[in-house]
Every structure is written in structure tokens, then in C-alpha cells.
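What follows is a single structure, written as C-alpha cells, with notes after it.
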Amino acid sequence: MSMASVALSPVHDESLDSHRNFPWLCGLRSSDSIGIFLVVGRSIIPLQVMESDSIASVKLRIQASQGFFVKKQKLVFEGRELARGNSQVRDYGVADGKVLHLVVRLSNLQAITVGTVCGKVYKFRVDRGRSVGYVKKQIAKRGKGLALVDQELVCDGEELEDQRLITDICKGNDAVIHLLIRKSAKLRGKPVEKDFELSIEALDLNEKKADSVGEHQQGALSMGYRVIERKPLLREFLLEPLIVNSKIQLPLVIRELFKSTFNGLDRGNEPIRSSEGSGGAYFMQDSSGQKYVSIFKPIDEEPMAVNNPQGLPLSIDGEGLKKGTRVGEGALREVAAYILDHPKSGPRTFSGEERGFAGVPPTAMVKCLHRGFNHPDGYEFDSKNIKIGSLQMFMENNGSCEDRGPSSFPVAEVHKISVLDIRLANADRHAGNILVSKDSEHGQIVLIPIDHGYCFPTNFEDCTFDWLYWPQAQQPYSHDTVEYIKALDAEQDIALLRFHGWDMPPECARTLCISTMLLKKGAERGLTPFAIGSIMCRETLRKESVIEQIVQEAQDAVLPGSGTDSFSKWVGSTRMGRLFKDNGQLDRIRPSNHSWPGTACRFVDSSQNNTKPKTYSALLT
Ligand SMILES: Nc1ncnc2c1ncn2[C@@H]1O[C@H](COP(=O)(O)OP(=O)(O)OP(=O)(O)O)[C@@H](O)[C@H]1O
């Protein structure tokens with residue numbers, strides 16, 4: 001059954017009675033077989049699975065029937081991501097008639113072939129968020145004599161306007177889209193009072209080409225004749241840093257990031273929404289429109305937030321996709337991960353230029369107003385439409401760790417990611433969140449950690465690290481790494497975040513203290529990243545990790561209200577101390593042969609008023 005044939009909108013629970021709507025499902029059942037419904041965008045797909053099926057096998061079945069690659073699927077049930085491939089359907093509480101949301105992370109790249117009437121063929125891989133106008137520019141670059149004005153792109157007999165996005169032209173999952181340059185055109189333009197008059201005549205392809213026109217006139221090509229010149233007198237966007245207390249000077253690297261992003265918007269280069277990811281993530285272009293400079297992730301477009309563009313339902317209780325996180329706090333956590341990624345020499349000084357030990361891309365909080373973001377209730381240039389979110393430097397890459405086997409990754413690169421993840425108790429470290437790049441000097445592979453919106457959870461339940469089962473994780477940390485770990489200080493980190501405006505909720509601060517302590521004690525005793533990570537991660541969904549058991553014991557032992565400090569001290573001195581002394585405990589932590597694929601936050605904002613800091617919580621609500 002095709003997806004389109006069961007398209008329903010909107011999705012109501014009463015429409016999901018399997019007996020009434022899909023009687024054929026009921027005849028197929030065996031003892032633990034259940035009928036569930038997959039919601040993909042605006043379509044509903046009925047699916048027969050076993051309660052004992054693993055999540056990995058359900059994804060395989062979806063791949064077989066719908067064609068979405070396993071790695072590109074994200075399944076969400078009742079606000080929680082079904083992230084553990086080895087867990088069973090029933091472990092997550094999925095039962096007969098239940099609805100699962102499927103987010104498909106489409107590749108951002110689309111293959112395109114462009115033919116001309118004289119038989120020339122151009123091949124491109126273009127970001128799906130790019131426009132037809134952009135493709136034309138690429139053709140003009142490659143094809144001698146094919147000036148922009150001479151191009152009229154056609155797909156399936158339909159002429160394509162410059163502003164049409166490639167993603168809208170792709171029907172279904174077309175591997176390649178075929179475009180044709182149907183004719184050439186000659187364009188003449190002359191100013192008429194405040195307007196601009198354009199006239200277009202078809203040309204023979206071999207005829208001498210007309211002069212090119214300015215960018216702002218191109219939108220008129222397909223229309224021809226009298227159009228208003230579209231150069232705005234006023235800026236129709238807003239981009240401002242949203243940070244911290246007046247004592248902090250924005251480091252140069254962040255100032256440059258703003259500047260290039262601002263210039264791109266100022267030149268009319270629209271934000272381009274990524275087709276990957278479960279939240280709204282926008283590639284921001286530079287002034288030439290040829291390069292991405294940053295990624296903007298607005299908090300109201302996070303998974304299960306009110307304006308999520310992937311259609312994920314609203315969170316019922318405010319909890320995020322991962323346990324112990326909150327919807328709308330992803331941006332704060334992204335910025336905090338950058339601030340805490342100290343360089344080897346220790347926390348950054350005021351200049352803040354140095355690259356962190358793990359290489360988290362420079363990230364800052366911003367306010368941005370632009371019509372190109374997701375505004376389901378309509379858009380007007382009004383402060384009520386301002387979005388708050390994280391702006392992160394775009395890092396050139398050759399894909400992510402998801403696209404290749406881990407054997408080629410240098411040990412030190414994997415270790416630096418492991419240090420970051422253990423310390424920050426990252427609940428979203430799948431291989432797709434590590435970009436792969438090459439060192440420009442020696443050509444060595446460099447791993448770039450991204451997507452830290454689920455760090456510092458209030459508990460460790462959803463901590464999973466894809467690198468745990470990579471061979472590099474079985475090797476001990478180098479001397480340099482152990483020295484770096486030795487110098488870490490969770491109390492200082494909490495104070496640093498407070499200085500930067502995030503007064504961490506006590507439960508998150510407690511997580512940071514415990515995970516830093518675990519990392520330090522483990523590294524001091526020569527444990528590998530695998531051994532330390534295994535203490536933090538659950539082996540199966542239902543089995544608490546060692547660290548969770550320790551936290552539970554501490555909770556039972558320490559008087560309520562005794563504060564983070566005495567709690568962490570108890571964990572450190574009593575139970576964690578025993579764990580590291582007790583070889584029996586550590587012996588249990590061995591590589592297993594199973595396959596495991598994979599708060600009211602307060603940020604102080606003084607950007608409005610230098611003397612009287614406000615809290616971000618006021619701005620975020
Ligand atoms: N700093 C960066 N540099 C380059 N590309 C990036 C950067 N940050 C994110 N991306 C790309 O943007 C896309 C979406 O980003 P990301 O995965 O962070 O979004 P998300 O909605 O948080 O995703 P997820 O579903 O994995 O939680 C991905 O293709 C990712 O590779």
C-alpha cells in the first residue's frame with residue numbers, strides 16, 4: 001500500500017481503529033502480533049509487528065515496505081524516541097492500535113541532471129533547500145555561454161520559477177530529478193519611474209547571449225513585462241545576539257559568525273531548512289549565497305515544541321524527546337556544551353578564540369526574525385514572530401560517522417568525543433551527530449561533535465553513546481587526555497555557566513558533578529572510554545545502569561533538601577569509591593557481543609539592559 005493511498009489529515013485517534021479502518025490487518029495476527037500506525041508527515045501507514053520485535057527489526061520492516069533507510073529513521077512514541085535498536089517494541093509500551101511517529105531524515109542533497117535542447121548534460125548534487133535560481137547560477141558557472149538570463153528550466157513540461165525550492169520539485173523519493181533548459185531568452189530592462197520594466201524574447205540557443213542582469217531582477221524572468229523592482233528599502237529581518245551579562249565581551253569568532261550571517265540575510269539570501277533532523281534547523285548563507293556560514297535552531301521548532309516543522313505532536317508534560325530534558329531548552333544546552341568544551345589549556349579567557357578539546361563548533365544564543373522560518377500561523381514582520389535559538393558555526397564536512405565504518409577514525413578523535421559525552425551525560429550521541437572532516441594540513445580525519453541539545457539531563461536514563469562499541473573505545477586514554485580530564489572541575493563549570501547566564505537547575509548540576517566525577521575517577525584508574533561509558537549507559541532499556549543505581553542509593557541515603565553538594569560528595573566518597581575499589585563490579589563491565597546500534601532554565605540576558613540583568617526564562621516563555 002502506498003503512503004499516499006492512506007493519507008489522512010489531520011491525524012485523530014478515532015481514525016486509528018485498526019478493526020474498523022484496516023480489517024485486513026486483524027486477519028493476519030499471531031499470538032503477540034499487534035497492529036500499529038506509523039504517522040509520517042500527513043500520512044498514516046498501518047503496520048503489523050510483534051511485541052517481541054526489536055526496534056531495529058521494525059525499522060528494517062519499514063525500510064523494506066516504505067524504502068526509508070534504517071539509519072534515516074527516527075521513531076517516536078508518546079514523546080519518547082525509540083532509540084535503542086536492541087530493545088523490544090513492548091519495552092517501550094507500544095501496544096495494539098498505538099500510534100508511532102516516524103521522522104525520516106532525508107539527505108539534504110538531491111541529484112539533478114540538466115539537459116539543454118542541444119544535448120548537453122550537466123550533473124549536480126544540490127541541497128534540497130536550494131532554489132531553482134541557485135541551480136541556474138551553478139549552470140551558468142559550468143556552462144560556457146549559458147548566462148542566467150538565457151535559462152528557462154523545465155521539469156515535466158512545467159516551467160520552474162526561480163524561487164521554487166528543489167525539495168518541492170522532488171516528487172516522492174526521486175533519486176534524480178531531470179531538468180531541461182527549454183529555451184534561451186533575451187532580456188531588456190529599463191527603469192520606468194519607481195518600477196522596472198522587463199521584456200523577454202525567446203532566442204535561438206546559438207544566438208549571441210544578452211547581458212546579464214542584477215540578482216534582484218531575476219525573479220521577474222519567468223513573468224516578463226512590468227514588475228515592481230524588489231529592492232527593499234527597510235531590512236525585513238532581525239538578527240541579534242542574545243547573551244549574557246554585560247561583563248562578557250563576545251569573542252571575535254562569535255562576532256564574525258553574526259556578521260557573516262547578518263550579511264547573508266541582508267543580501268536577501270534566505271535561511272534554508274535542513275531536511276535532516278527532527279527539529280527546525282536552518283542553514284544560513286553568506287553574502288554571496290554560495291556558502292553556508294551557520295546553523296540556526298529556533299527553540300519553538302524543537303521536536304515536540306509548538307512550531308516543530310516535522311509534525312511531531314506537542315509534548316504533554318514538557319519533557320523532551322530524551323528523558324530528563326525539557327522541550328525548548330535545546331539551544332541553551334547547545335551553547336552550554338560549547339562553553340564547557342574547554343581548550344586543552346583550560347577554560348577560555350575573555351578572548352574566547354581557542355578551539356575546545358572536543359571541537360564543539362562555536363555556538364551562541366540569538367534572536368532572529370525572518371519570514372523563512374516555520375510560521376504555521378502566518379508571518380508578519382512583527383516582534384511577536386521573533387525566534388530565539390542557537391546559532392552555530394557551519395562546519396565543512398564529508399558527511400557524518402553514520403555514513404562509514406568506524407575503523408578509519410583516529411583513536412584520539414574518538415576519545416575526545418567520549419570525554420565530552422561522558423562529562424556532559426549526552427543523551428543523543430548517535431553517529432549522525434558526529435561530522436567527518438579532514439585536517440587541511442595533514443589530511444587526517446577530524447571528527448566534529450554537533451547537536452548537543454540533549455546534554456545535562458536530570459537523570460542518566462537515556463544516555464547512549466554510539467562510540468561505545470567502536471574499537472577505539474577499548475583503548476586507554478593517552479597521557480595528555482588523562483591530564484586534561486584531571487583538570488576538569490564541575491563546580492567551576494557550573495559557575496562558568498552561571499556567569500554566562502545559565503543558572504543550571506540543581507538536578508542538571510548534579511548530573512554534571514556526578515558524570516565529571518565518574519570520568520575523573522575512571523581515567524585516574526586507567527579505565528578505557530568503554531569501561532567508563534558502560535557505567536553510565538543502560539545495556540538494555542529496562543536495566544538501570546550502574547550510575548543510576550548509585551544515584552538511587554544516594555537518593556535513599558541523603559536527607560531530602562541536603563543540596564547538590566552533599567549529594568555528590570556522598571556519591572563520590574561512598575558508593576563510587578566502592579565501585580572503583582571493587583574489582584568484581586568493574587569486571588562485569590566487559591565488551592558484550594550484542595549489537596547496539598547505535599527545568600526551568602535561567603539564562604541571564606543583559607543585552608537589553610546593561611545594568612539590570614533579566615533571566616532568559618522570561619524571554620523563553
Ligand atoms: N555545525 C554544523 N555544521 C555543519 N552541518 C551541521 C551543523 N550542525 C548541524 N548540521 C547539519 O544540519 C542537519 C540538522 O542538524 P541536527 O542533526 O543538529 O538537527 P536536529 O533536529 O537536532 O537532529 P536530530 O534529529 O539528530 O536530533 C544535519 O544534516 C546536520 O548534519
Side-chain angles (χ1 to χ4, degrees), residues 68 71-76 80-83 101-110 125 127-129 167 253-254 257 260-261 271-286 291-305 307-312 320-322 325 327-335 337-338 341 355-356 358-364 366 373-374 389-404 426-437 446-455 457 462 464 466 597-598:
F68 304 129
K71 281 183 187 170
K72 298 290 174 194
Q73 299 174 31
K74 192 171 242 187
L75 285 172
V76 177
R80 188 171 188 194
E81 187 192 341
L82 312 188
H101 287 259
L102 171 65
V103 178
V104 182
R105 292 157 49 224
L106 292 173
S107 166
N108 283 314
L109 294 177
Q110 169 70 46
R125 275 167 78 77
D127 197 289
R128 286 167 190 266
T167 189
V253 66
I254 300 285
L257 190 66
S260 50
T261 307
I272 294 172
R273 183 154 81 78
S274 164
S275 49
E276 293 194 34
S278 42
Y282 296 85
F283 295 113
M284 311 296 275
Q285 309 182 64
D286 73 349
K291 228 176 101 186
Y292 295 149
V293 284
S294 58
I295 303 272
F296 176 57
K297 293 194 194 177
I299 59 171
D300 66 319
E301 298 192 27
E302 285 178 16
M304 300 196 296
N307 291 328
N308 177 258
Q310 298 280 16
L312 283 171
L321 268 189
K322 306 288 179 173
T325 63
V327 174
E329 292 185 0
L332 302 184
R333 288 163 204 268
E334 295 254 18
V335 176
Y338 171 62
D341 181 26
R355 201 172 156 273
V360 176
T363 316
V366 298
F373 303 135
N374 193 34
S390 59
L391 188 75
Q392 182 169 83
M393 182 184 283
F394 178 85
M395 307 298 284
E396 293 298 337
N397 63 82
N398 309 311
S400 75
C401 291
E402 209 168 50
D403 308 325
R404 54 179 95 198
N426 190 355
D428 195 22
R429 179 58 77 215
H430 61 80
N433 283 340
I434 307 176
L435 301 178
V436 179
S437 173
V446 176
L447 301 183
I448 305 165
I450 56 162
D451 208 358
H452 300 111
Y454 297 113
C455 289
D462 272 347
T464 51
D466 268 10

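Keep in mind that what you see is a predicted model, and the values were worked out from it rather than measured. Just so you know, ligand 1 is whichever comes first in the structure, and atom 1 is the first atom listed for that ligand. Side chains included, hydrogens not; waters and symmetry mates left out as well; all remaining heavy atoms used.
Taking a cut-off of under 4.0 Å to the non-hydrogen atoms of Asp428, the atoms of ligand 1 that pass are 27 (O). Annotation for ligand 1: atoms under 4.0 Å from non-hydrogen atoms of Leu435 are 3 (N), 4 (C), 5 (N), 31 (O). Every atom of ligand 1 is numbered from 1 in the order shown, and the set under 4.0 Å from a heavy atom of Lys74 is 24 (P), 25 (O), 26 (O), 27 (O). Those atoms of ligand 1 that come under 4.0 Å of a heavy atom in His430, given as number and element, are 26 (O).
A salt bridge does not link Lys297 with Glu301: none of the charged nitrogens is closer than 4.0 Å to a carboxylate oxygen. Under the 4.0 Å criterion applied to side-chain N and carboxylate O atoms, Glu81 and Lys322 are assigned as salt-bridge partners. Of the charged side-chain nitrogens involved, at least one lies within less than 4.0 Å of a carboxylate oxygen, so that Asp462 and Arg80 count as a salt-bridged pair.
If you check the side chains of Glu334 and Ser390, you find no donor sitting under 3.5 Å from an acceptor. Judged by distance alone, the side chains of Glu396 and Tyr292 never bring a donor and an acceptor atom under 3.5 Å apart.
Contacts of Ser278 with ligand 1, taken as heavy-atom pairs under 4.0 Å, involve both backbone and side chain. The side chain of Asn397, and not its backbone, has at least one atom closer than 4.0 Å to an atom of ligand 1 (non-hydrogen atoms only; side chain from C-beta on). When heavy-atom distances to ligand 1 are checked against a 4.0 Å cut-off, Glu276 comes that close through both its backbone and its side chain.
Every heavy atom of Glu302 sits 4.0 Å or more from the atoms of ligand 1. Judged by the shortest distance from any of its heavy atoms, Phe283 lies inside the 4.0 Å radius around the atoms of ligand 1.
For the pair Asn397 (side chain) and Met395 (backbone), a donor-acceptor distance under 3.5 Å is present.
When ring centroids are compared, Phe296 and Phe373 come within the 6.0 Å threshold.
Residue Asp451 holds the heavy atom nearest to atom 22 (O) of ligand 1 of all those in Leu321, Asp451, Val293.
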